[in-house]
Amino acid sequence: MRFLETNLGDPELCPGTKEIESRYIAFISQLLHAPKTSAGQIVSGGTEGNITAMWIAKQLSGKKEILLPTSAHFSFQKIASLMDMKLVEVPVTKEYVMDVSQLKKKIRKTTAAVVGLAGSTELGTIDPIPELSEICSDEHIFLHVDAAFGGFVIPFLKKLHYKVPDFDFLLKGVCSISIDSHKMGYAAIPLGTLMIRKKQWLGSISVDSPYISSEKQAGMLGTRSGAPVAAAYAVSQYLGFEGYKQMVQSCMDITQYAERRIGKLGLSLVLKPTMNVIGVKLKKPSLMVKKLSEQGWRVNKVERLSCIRLVLMPQITKQIIDEFIPVLQKTCEEVGEL
Ligand SMILES: Cc1ncc(COP(=O)(O)O)c(C=O)c1O
């Protein structure tokens, strides 16, 4: 509440907010192994994080083509339209991750950036970021990692000894990472961070800002409240890395429990879950979503994968799964899925 009226866009006028912002960015830097040369830009979420990253890539390269997997988030459609950039889709493998051999074939002199996903929207899959990093660093191409969902999951899966690929700044080819606190960071909306490997890149998206206290302003937005940063910082201090690790552990426990219960009904999953996202294969996902929603259960459909998507966020308990499964079973029987 105390931070609602502060302005992140005018840092010299609100030095306390600026201080909280830099402390929060230091927390995210540590999480993502960002080097000393790096900088963080607070954004409103994954969309603005992706827009800002592609804006930097376009400015630095002077080029306009983005290579991205077919699984990429729809925010890239906005980027293409807003910044007159061209999206070149790279097919995914049967594991639903970017096909690296296809990527190699599509790289051209006009490529401005490659985008890899660390936690796809639909299934939570992770692209082979170590390979993308090698390729992009050899070819001198800007590599952006969209970790809007997975950024607060993968580091802790690693600590919990799950087998997941590296995805952060430890990989030399990774130029930027977008990570959302308002998703698995358990913070209030709207808050994400775009981390970039080199602070000076902010210069490419800065303009003179003569009437406010700082000389230049980087990024898309001007005036914006300091409250979401203060809230996210409070959560980060309350939970700490250990708290996040426990939360991810409990999300994975619930995911595995849900997976077993769904399997016992005779339904199958699109893939073995990488993180706390489950795709349940169905013949009529739209009808199922409609019927479930009429009974108060809101799940998403993924038409192109013919599945419904369950995201097992930290507030989803075993008891909720126990209530959901009989409803899912009954609805599947009514619709002819079972
Ligand atoms: C991988 C990914 N990137 C970007 C976004 C966009 O995030 P936001 O809605 O916070 O702008 C999402 C949202 O679900 C996402 O899953």
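Since the model is a prediction, treat every value here as computed from it, not as a measurement. Only this structure's heavy atoms are used, side chains among them; waters, hydrogens and symmetry mates stay out. In each ligand, atom 1 is the first atom listed, and ligand 1 is the first ligand listed.
- With 3.5 Å as the limit, one finds a donor-acceptor pair spanning the side chains of Tyr24 and Ser181.
- Applying the ring-ring contact (aromatic ring centres under 6.0 Å, His included) test to residues at least two apart or on different chains, the pairs with a partner in residues 234-287 are Phe27-Phe241, Phe152-Tyr244, Phe156-Tyr244.
- In this structure Phe324 satisfies the ring pair (Phe, Tyr, Trp, His ring centres under 6.0 Å) test together with Trp297, sequence neighbours excluded.
- Look at Glu65 and Arg108 and you find a salt bridge, because one of the NZ, NE, NH1 or NH2 atoms lies within 4.0 Å of a carboxylate O, short of that distance.
- Between Glu89 and Lys106, none of the side-chain N atoms (NZ, or NE/NH1/NH2) sits under 4.0 Å from a carboxylate O, so this pair counts as no salt bridge.
- Within the structure, every pair that satisfies the ring-ring contact (aromatic ring centres under 6.0 Å, His included) test and touches residues 159-204, not counting sequence neighbours, is listed here: Phe142-Trp201.
- Annotation: ligand 1 has protein neighbours Gly45, Gly46, Thr47, Asn50, His73, Gly119, Thr121, Asp146, Ala148, Asp180, His182, Lys183, each with a heavy atom less than 4.0 angstrom from the ligand.
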